[in-house]
Amino acid sequence: VAGLVGRFDSFPVHRMCYDHSSTTAQGLCQCIDNQEEVEESLVDKFGMTVFHVHFSTAEPRGELLQVPLVKYPYHVLDLKDANGKL
């Protein structure tokens, strides 16, 4: 449980995908654009990308999924989480 506290402190895009009920596509797009080091912000300490986080929510939203699909490099789709899952 201790590892979950502050999990997204350095990953604002992950946080927005996790807390998707208050996230807009425009806000997510702006958050991604504001990232200085895109490559360093792709994978959190659990090995999860924004796509892993997005699909781990109870009701993933299609309009939010489209934003990182357009904004991030395609190799992100091949990244596996800490459990070796896509």
Side-chain angles (χ1 to χ4, degrees):
V1 176
L4 297 176
V5 175
R7 174 181 176 186
F8 300 127
D9 287 352
S10 299
F11 298 93
V13 178
H14 285 63
R15 183 181 320 110
M16 290 182 82
C17 287
Y18 181 76
D19 187 25
H20 63 87
S21 63
S22 62
T23 299
T24 65
Q26 182 180 3
L28 184 58
C29 186
Q30 186 174 23
C31 186
I32 292 172
D33 288 343
N34 290 339
Q35 295 291 299
E36 292 181 17
E37 297 293 329
V38 173
E39 292 294 324
E40 292 177 13
S41 66
L42 293 177
V43 180
D44 70 8
K45 63 184 171 185
F46 290 99
M48 294 179 73
T49 67
V50 295
F51 299 103
H52 292 113
V53 173
H54 183 78
F55 283 112
S56 69
T57 63
E59 296 180 21
R61 293 175 35 211
E63 70 272 14
L64 294 183
L65 175 60
Q66 290 176 355
V67 174
L69 281 172
V70 171
K71 292 286 187 178
Y72 282 138
Y74 287 109
H75 76 271
V76 173
L77 296 174
D78 292 329
L79 295 175
K80 296 180 180 178
D81 67 11
N83 296 313
K85 303 199 187 260
L86 286 176

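Keep in mind the model is a prediction, meaning the values are calculated, not measured.
Between the CG atom in Leu64 and the OG1 atom in Thr24 there is a gap of 7.5 Å [rounded to 0.5 Å]. A distance of 9.5 Å separates CZ of Phe11 from CD of Gln35, quoted to the nearest 0.5 Å.
Scored by the salt bridge (charged side-chain N to carboxylate O under 4.0 Å, His left out) test, Asp9 finds no partners at all (sequence neighbours excluded). Take Ser22 and apply the side chain to side chain donor-acceptor pair (under 3.5 Å) test, not counting sequence neighbours, and it matches Asp19. Under the side chain to side chain donor-acceptor pair (under 3.5 Å) criterion, Gln30 pairs with no residue, sequence neighbours left out. Evaluation of the side-chain contact (heavy atoms from CB on, under 4.5 Å) rule for Thr57 yields His20, Pro60 as partners, not counting sequence neighbours.
In this structure, the side chains of Val43 and His52 stay at 4.5 Å or more apart for every pair of heavy atoms. Residues Cys17 and Leu28 form a side-chain contact, since some pair of their non-hydrogen atoms from C-beta on lies under 4.5 Å apart. In this structure the side chain of Phe55 reaches within 4.5 angstrom of the side chain of Leu65, judged on heavy atoms.
Crowding of Phe8 atom CZ: a count of heavy atoms from other residues, nucleotides or ligands under 6.0 Å exceeding 12.
For residues 61-70, the salt bridge (charged side-chain N to carboxylate O under 4.0 Å, His left out) pairs, not counting sequence neighbours, are Arg61-Glu63.
Taking both residues in full, the closest heavy atoms of Asp33 and Lys71 are given as OD1-NZ, 2.8 Å, listed atom of the first, atom of the second, then distance. Taking every heavy atom of both residues into account, Met48 and Val53 meet most closely at CE-N, 3.9 Å. Between Val50 and Pro68, the shortest heavy-atom distance links the atoms CG2-CB, 3.8 Å.
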Check: Given Thr23 and Tyr18, is the side-chain contact (heavy atoms from CB on, under 4.5 Å) satisfied, shown in steps?
Finding: CA-CA 9 Å; Thr23 299; Tyr18 181 76; over 6 Å; no
